[in-house]
Q: 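Got a structure here, written out as structure tokens. Questions coming.
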Amino acid sequence: MKTGLFLFGFLFLINPELVTLDLFPDLIGFLLIARALEKGSHLEERLSLARRWAFLLAISSSAKLFATLMVIPSRFESTRLTASFVFFVLDLWLSYMFADNLLKGIQYLATRRGGEGTLKGFEVVRGFLISFFIVKHTCHFLPQGLAALYPHIDSDADHVENYSEMVSNFQFTRSILFIACVVVLLVFGIYTLRVLSAYARRLKGDAVFCENVRADYEEKVGKNQNMRIRIAVRNAFFRFFVGSIFLFDFYSEGLSLLPQPVFGLFVFWGLSALKEICPLRPAERVLRHVGLWGTVIPFVYRVVCLFVMDPFETVFPLFFLTSVMAVLSQLASLVLFLLAMLSTYRVAKEFTVQNVRLKLILLSVAATVLLGEGVFAYIGILTPTLLAIAVWIFYALILYVYKDTADDLRAEVEYKYM
């Protein structure tokens, strides 16, 4: 485990949230932590599970980040309360599963690899890390949770006695609560970081444990070509599938709830995972970068326009640049999807006996049709309800077919190179 990268990722988790707005995105922190756990995940199943939970927390953070942009403009406190409560429960559960698997993974690894120094003070670290996540999510929720004590906060002023006084009292109390939660989170988070830093130094200082882990990794992964093939295929297909969930934009209140840059990022990482066993050609490597930035730029453009154009729904579609960005966004996503399908085909051809060419071609054609329809969604042209339902069913079928195909290929690679 790369302890330095883990601690740097943890820094991103020590931050206040204002009305569910993540000022210092947890998304980055959890992705860095997942990266730090990559090598350890090949040696211990619990660490592998912790890495998966970190990815799920990153996805949750991404969803919360973009949902926030719709929650903030709302004039209803009940809307903010509902959004805050849903993410509070979800993140609390995901964080506990992540921390529990992470710590048990380290404990089991240390027990089997002679990590006596690593096991010292282990329960203290466990207590602080789990407590940090409880404090973190509680502090994020409480300022919005206060609305539950004011059931008439969204009522008509004419129907509530002393309405202005109640609103003033609510806002003042929430401000005080927010400041208190920020202080508590920062203080407890920094102290937890100190505890983790001290434990990381102890772990690095446990020479016997570190040497045994390095030797174990070199034996199981470094010198094991079969294992590296299995890891590459497993990581790539997982990232392709997670990215494909964000392939098609779903807009609400002018904002995409499934931002395509996330698709671009995961496919980019998936292609990187295969660089040792199925490297991209020079032109394909260029297209990979073009595709990634081709999903980011149109997304940023649309978000900026959402905040500067009024009314957005009628002004945004009239700009010439909007149509250009719509086409760029879908073409970039299509390029990345085709690269993912091409890499999947190469894996199948090189390491399995399955012939998936026709299936991948059909998936590529289906994705082209889907992304073509997405051009109109980006611009803001409304889709009839029945057509929208048909598109989403079509989208779900694409995800299912690719997941089924990738699972069959991965299973054969796992069996063949076990």
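These values consider heavy atoms only, across backbone and side chains, with no hydrogens, waters or symmetry-generated copies. Please read all numbers here as calculations on a predicted model, not as lab measurements.
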Q: So how far is it from M97 CE to L102 CG, rounded to the nearest 0.5 Å?
A: 12.5 Å

Q: Suppose we call two aromatic rings close when their centres sit under 6.0 Å apart. Are W93 and Y96 close by that rule?
A: no

Q: Determine, for R234 against E414, whether the closest basic-nitrogen to carboxylate-oxygen distance falls under 4.0 angstrom.
A: yes

Q: Does any non-hydrogen side-chain atom of F319 lie less than 4.5 Å from one of M309?
A: yes

Q: Should the pair F98 and F30 be assigned to parallel (<30°), tilted (30 to 60°) or perpendicular (>60°) ring geometry?
A: perpendicular

Q: Anything under 30° is parallel, anything over 60° is perpendicular, the rest tilted; go ahead and classify F188 against F128.
A: parallel

Q: Scan L362, L363, V369 and name whichever one has a side chain to side chain contact (heavy atoms under 4.5 Å, CB included) with I398.
A: L363

Q: Measuring from F87:CZ to S61:OG, what's the distance to the nearest 0.5 Å?
A: 9.0 Å

Q: Please report the interatomic distance CD(E412) to CG(D407), rounded to the nearest 0.5 Å.
A: 13.0 Å

Q: Identify the heavy atoms of R51 and N235 that sit nearest to each other, and give their distance.
A: NH1-OD1, 3.9 Å

Q: When the ring centroid of F141 is compared with that of F88, is the distance short of 6.0 Å?
A: yes

Q: Taking the side chain as C-beta and beyond, is there a heavy-atom pair between Y345 and R357 under 4.5 Å?
A: yes

Q: Given side chains that start at C-beta, do those of V182 and C139 come closer than 4.5 Å, heavy atoms only?
A: no

Q: Flag the pair K39 / L43 as yes when at least one side-chain heavy-atom distance between them is below 4.5 Å, and no otherwise.
A: no

Q: Exactly one of I190, L193, L32 should register a side chain to side chain contact (heavy atoms under 4.5 Å, CB included) with L11. Which one does?
A: L193

Q: Under 4.5 Å between any side-chain heavy atoms of R52 and L49, yes or no?
A: yes

Q: Between F268 and H289, does the ring centroid distance fall short of 6.0 Å?
A: yes

Q: Check G264 against L292 and note the closest heavy-atom contact, atom names and distance.
A: C-CD1, 3.5 Å

Q: Could E284 and R346 be called an ion pair, given the rule that one side-chain N must be under 4.0 Å from one carboxylate O?
A: yes

Q: Using a strict 4.0 Å threshold on nitrogen-to-oxygen distance, state whether R126 and D100 make a salt bridge.
A: yes

Q: With heavy-atom distances below 4.5 Å as the criterion, would you say the side chains of I59 and V262 are in contact?
A: no

Q: Is there a side chain to side chain donor-acceptor pair (under 3.5 Å) between Y301 and T322 once you walk through the steps?
A: CA-CA 8 Å; Y301 168 77; T322 296; 3.1 Å; yes

Q: May I ask you to decide if the ring planes of F10 and F6 are parallel, tilted or perpendicular, using 30° and 60° as cut-offs?
A: parallel

Q: Quick one: OH on Y395 to OG on S244, what's the gap to the nearest 0.5 Å?
A: 7.5 Å

Q: Supply the atom-to-atom distance L31 CG to I28 CD1, rounded to the nearest 0.5 angstrom.
A: 8.0 Å

Q: List the atom of F12, the atom of D26, and the distance in Å for their closest heavy-atom pair.
A: O-OD1, 3.1 Å

Q: I would like to know whether V195 and Y199 meet side chain to side chain contact (heavy atoms under 4.5 Å, CB included); could you show each step before the answer?
A: CA-CA 6 Å; V195 171; Y199 185 71; 5.6 Å; no

Q: Give a yes or no answer on whether the side chain of S329 reaches the backbone of A326 with a donor-acceptor pair at less than 3.5 Å.
A: no

Q: For the residue pair V242 and F55, establish whether any side-chain heavy-atom pair is separated by less than 4.5 Å.
A: no

Q: Show, in sequence, the C-alpha distance, side-chain angles and deciding distance for F312 and R302, and conclude whether the side chain to side chain contact (heavy atoms under 4.5 Å, CB included) test is met.
A: CA-CA 10 Å; F312 172 79; R302 198 175 201 278; 3.9 Å; yes

